[in-house]
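Encoded as structure tokens, the structure appears first; notes follow it.
Bear in mind that the values here come from a model prediction, so they are computed numbers and not experimental data. Naming: A, B, ... by sequence-line order, numbering from 1 per chain. All heavy atoms count here, side chains included; hydrogens, waters and symmetry mates do not.
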Amino acid sequence: MWSNVLYIDLETGEHHTRDRHDLFDKYLGGTGVATQLLLEECPPGIDALSPGNPIIFSIGPLTTIFPCVSKVVSMFKSPMTGELGESHAGGRLAMAMRFAGYDSIVIKGRAAKPTYLSIHDDEVKLKDATSIWNLSSVEVTGKILREVEPGKGRRSIMRIGKAGVNQVRYANVNVDTYRHFGRLGLGAVFGSKNLKAIVISGTEEVELPDMSAYKKMYSKLYEEVVDTEVMDKYHDLGTAANINVLNQLKGLPTKNLKQSHFENAESISGEYFADNLLLRKIACSNCPIGCIHIAMLKTPFQKGHEFEVSHISYDYELIYSLGTNLGITMGEDVLRLIDRCEQYGLDIMSTGGVLAWATEMYERDLITPPDTLGISLRWGDTDNYLKIIDRIVDMPNKFYKALAKGTAVAAAEYGGKEFALNLGRLEIAGYHTGPASIVGQIVGVRHSHLDNGGYSIDQKASSQQLNEEQMVDKLIYEDYWRMINNSLVCCLFARGVYGEQNMIDALECVGIKKTRDDLEAIGKEIFLAKYAFKEREGFDMDNISVPARFFETVSQLGMLKEDTVKNMLKLYRKKTGI
Amino acid sequence: MKSISVPYAKLNVKGGGVMPAKIKVANPNRCIGCYSCMLACSRANADSVSLIDSAIDIRTSGGIESGIGIIVCRSCIDPPCARACPTGALAPRNGGGVVLNKNLCDSCGVCADACLPRAIHFDRADMPVICIHCGVCARFCSHDVLEIRKTEVL
């Protein structure tokens with residue numbers, strides 16, 4: 001239905017749009033189309049931080065048209081893993097792209113000097129970003145661009161902070177202050193291209209073939225989102241509700257997974273945040289849930305009730321990685337750490353993983369004060385962690401340069417590989433739930449717990465007595481079907497609403513007729529196309545080592561065995577044909 | 001969560017003329033900035049998916065970290081927009097607010113200037129987008145920011 005791709009060359013300043021219905025007809029949008037664009041645009045074997053690495057953004061056929069279809073997929077070669085980089089963000093970006101009339105944006109080349117992109121409907125401009133290039137805060141960058149750019153009130157502003165400018169490998173791209181393209185280092189790719197920010201807005205209007213059917217379907221989906229319990233979790237405590245739950249089940253990675261429960265979990269739990277720190281909840285565009293939890297942190301700086309006030313968004317993964325995994329005992333301290341990472345534009349899951357590994361290294365005297373420039377690393381020491389974060393971004397010596405490349409690189413250089421908690425060179429998600437979580441992150445096309453929700457399959461394994469093969473079957477089902485969710489691009493929090501039939505019916509409302517089998521086949525095809533890219537860039541499942549720590553700490557399903565993981569990987573390969 | 005405060009269908013009087021209801025921003029501080037109300041307005045009244053076709057106007061002021069502005073027609077009994085309209089395209093509506101006759105409108109923009117809350121803006125066809133107080137925005141507000149209230153019909 002829509003298939004407009006905007007191509008921008010940062011080197012020449014040229015841009016043009018092309019109708020790529022060849023891709024959209026076949027792969028729907030989002031991750032499906034972005035994968036094909038990546039295969040087209042990314043030359044084999046290039047350095048992820050070279051000008052040849054493209055940045056691709058894609059929305060899907062239901063974006064903004066149905067509730068909670070509110071995400072954008074970005075794709076690029078990842079400087080973290082050296083292969084497929086894919087990240088999703090919410091905020092207002094998806095809506096801004098829809099109304100600006102672009103279903104995908106492809107950015108190529110490297111600008112000669114610091115630049116930002118200004119995209120408002122048909123007007124696409126490269127603008128000088130020299131004066132904001134070295135700003136240390138992504139929040140201030142947003143404030144400055146708001147003053148000079150049009151589209152006030154409903155535009156979207158993506159930007160990088162100092163971490164992206166300095167090309168920390170796990171730098172993220174901040175979207176509209178509280179959302180991110182996180183994890184695989186899109187911020188570093190922005191930095192390598194001299195690209196500071198992108199502002200986008202639009203005023204298009206969309207008409208559909210059968211408005212009456214559309215209105216009916218919209219109401220049905222809206223009611224499922226708002227009036228049923230499917231999404232209650234995200235609305236109430238948010239994902240932070242997981243802290244207490246996983247803690248009780250012994251599935252909560254703590255102190256670099258030396259433990260799977262945390263004795264101080266209560267004071268950094270979702271309940272604690274909601275009762276003591278939550279300021280308000282806000283929403284991505286076109287989502288009536290409002291799962292973005294914003295906390296208010298008041299820090300006194302002198303007598304007379306003088307406070308610095310920060311508004312900081314939080315989620316489960318952030319509280320795990322900068323909280324339990326570092327032994328931080330108070331919610332307020334977790335917020336201080338989150339805020340520092342946010343201002344720099346660092347991926348928080350990777351930062352937490354790096355800090356946890358470094359703390360254990362320090363504890364074992366495998367790194368010493370000359371490495372850290374005199375800063376000691378101790379569980380729960382928020383002040384020193386803040387100092388370390390500053391240095392990861394500034395990279396004053398060899399040790400901090402290694403930390404800025406992630407745990408896999410740092411451990412290769414300094415040791416401690418057996419407790420450097422990464423899978424496929426990406427720091428792990430906060431679930432020590434069982435083998436499906438580990439296998440799921442290894443096989444997932446972007447090494448993400450969101451690829452197939454392995455943690456949730458572990459939980460089912462516990463209640464339904466699933467064997468290894470049944471767990472693998474469930475992983476594969478999720479891997480294929482989430483390709484469709486991510487091509488549309490629904491928020492995965494709404495995956496309970498966008499099940500098979502609702503996806504089929506919603507697509508029909510926008511003139512796309514697909515059967516269940518069609519969709520599953522497309523999902524599988526997209527999955528294999530991603531693996532084709534991964535393997536082209538050197539991904540080899542046999543080369544992914546699973547840190548021994550996973551098998552030394554009790555999980556939600558008890559002690560895990562390496563053989564279980566190996567066997568599940570073998571089954572996964574056999575069944576998917578990869 | 002609760003999606004509706006007043007039965008919407010009963011108040012949706014079609015065909016213009018007397019509409020015994022008006023939209024009210026009952027709880028502005030509850031707004032989460034999702035734009036569901038705007039999308040509902042354009043879907044119901046302009047048969048489009050659009051922000052620019054919506055009579056209700058939600059916008060942030062200073063990014064998402066700052067407050068959210070909610071602009072609706074205040075259903076004036078003596079509407080300055082209608083008074084300012086040089087062609088008679090806007091006529092006062094019984095119970096407050098105005099009714100637009102598109103055939104008489106020449107897109108001069110005087111009405112928008114006359115409305116201090118800036119509840120009138122122009123769509124891509126350069127026609128003023130006028131609230132008909134149908135309440136569809138309130139129906140699709142999940143946080144009870146908006147309510148549709150019965151008015152006393154004069």
Side-chain angles (χ1 to χ4, degrees), chain A residues 63-68 70 91-92 95 98-99 139 142-143 145-147 152-157 175-179 202-208 211-212 214-215 218-219 222-223 225-229 231-232 235-236 280-292 294 311 313 510, chain B residues 1-4 8-9 27-54 56-71 118 121-127 129 136-146:
Chain A
T63 295
T64 308
I65 290 167
F66 284 109
C68 303
S70 51
R92 302 198 279 202
M95 184 182 78
R98 162 63 70 231
F99 290 136
E139 200 174 338
K143 279 182 181 158
L145 289 173
R146 261 175 233 136
E147 291 297 314
K152 189 178 174 184
R154 292 191 285 268
R155 64 197 157 192
S156 180
I157 304 180
V175 181
D176 304 330
T177 310
Y178 296 126
R179 301 289 91 186
T203 55
E204 287 275 325
E205 48 201 10
V206 174
E207 283 173 22
L208 297 171
M211 279 307 284
S212 138
Y214 164 58
K215 288 175 190 175
Y218 188 101
S219 294
Y222 182 88
E223 278 158 24
V225 169
V226 169
D227 291 338
T228 70
E229 289 169 4
M231 293 185 71
D232 263 2
H235 174 247
D236 184 1
R280 62 181 179 135
K281 289 179 261 187
I282 53 173
C284 295
S285 300
N286 186 33
C287 173
I289 289 297
C291 81
I292 307 173
I294 311 290
H311 295 174
S313 68
V510 299
Chain B
M1 291 175 73
K2 188 165 163 280
S3 64
I4 184 163
Y8 150 81
N27 304 297
N29 295 335
R30 294 185 194 173
C31 182
I32 57 170
C34 69
Y35 305 106
S36 295
C37 57
M38 294 185 71
L39 294 164
C41 179
S42 59
R43 191 166 65 241
N45 297 310
D47 278 343
S48 69
V49 180
S50 155
L51 297 178
I52 200 165
D53 292 336
S54 166
I56 185 166
D57 192 1
I58 308 292
R59 52 180 66 228
T60 54
S61 48
I64 292 174
E65 64 261 39
S66 300
I68 294 164
I70 304 158
I71 302 166
R118 292 288 181 261
H121 66 271
F122 288 77
D123 64 18
R124 286 172 75 87
D126 215 15
M127 275 289 132
V129 182
V136 72
C137 52
R139 183 186 168 201
F140 286 93
C141 174
S142 63
H143 282 62
D144 294 329
V145 176
L146 303 167

Quick one: what part of [X] sits under 4.5 Å from any heavy atom of chain B, side chain, backbone, both or neither?
X        : answer
A/Glu204 : both
A/Arg98  : neither
A/Met95  : side chain

Working to the nearest 0.5 Å, report the span between CZ of B/Arg43 and OG of A/Ser219.
->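 That separation rounds to 6.0 Å.
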[X] and [Y]: which non-hydrogen atoms are nearest, and at how many Å?
X        : Y        : answer
A/Phe99  : B/Leu39  : CZ-CD2, 4.2 Å
B/His143 : A/Pro288 : CE1-O, 3.6 Å
B/Ala44  : A/Lys215 : O-NZ, 3.9 Å

Distance-only criterion, 3.5 Å: show the donor-acceptor pairs between side-chain atoms of residues 27-35 of chain B and protein atoms not counting sequence neighbours.
from: B/Asn27; atom 1: ND2; to: B/Asp144; atom 2: O; distance (Å): 2.7
from: B/Tyr35; atom 1: OH; to: A/Arg92; atom 2: NH1; distance (Å): 2.9
from: B/Tyr35; atom 1: OH; to: A/Gly153; atom 2: O; distance (Å): 3.1

Under a 4.5 Å heavy-atom cutoff, which of A/His311, A/Glu205, A/Lys152, A/Glu139 has the most pairs with chain B?
->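 Counting heavy-atom pairs under 4.5 Å, the top option is A/Glu205.
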Output the option from A/Arg280, A/Lys143, A/Met231 having the highest count of non-hydrogen pairs under 4.5 Å with chain B.
->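 Of the candidates given, the most pairs with chain B belong to A/Arg280.
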Identify whether the distance between the nearest side-chain nitrogen and carboxylate oxygen of B/Glu65 and A/Arg146 falls below 4.0 Å.
->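 A/Arg146 and B/Glu65: salt-bridged.
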Among [options], who wins on heavy-atom pairs under 4.5 Å with chain A?
options                             : value
B/Ile68, B/Asp123, B/Val49, B/Ile58 : B/Val49
B/Asp47, B/Asp53, B/Ile52           : B/Asp47
B/Ala40, B/Ala46, B/Gly63           : B/Gly63

Heavy-atom proximity to chain A below 4.5 Å, by part of B/Ser66 =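 The backbone, not the side chain.
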Can you say whether B/Ile64 sits under 4.5 Å from chain A via the side chain, the backbone, both, or neither, judging by heavy atoms?
->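 B/Ile64 touches chain A through backbone and side-chain heavy atoms alike.
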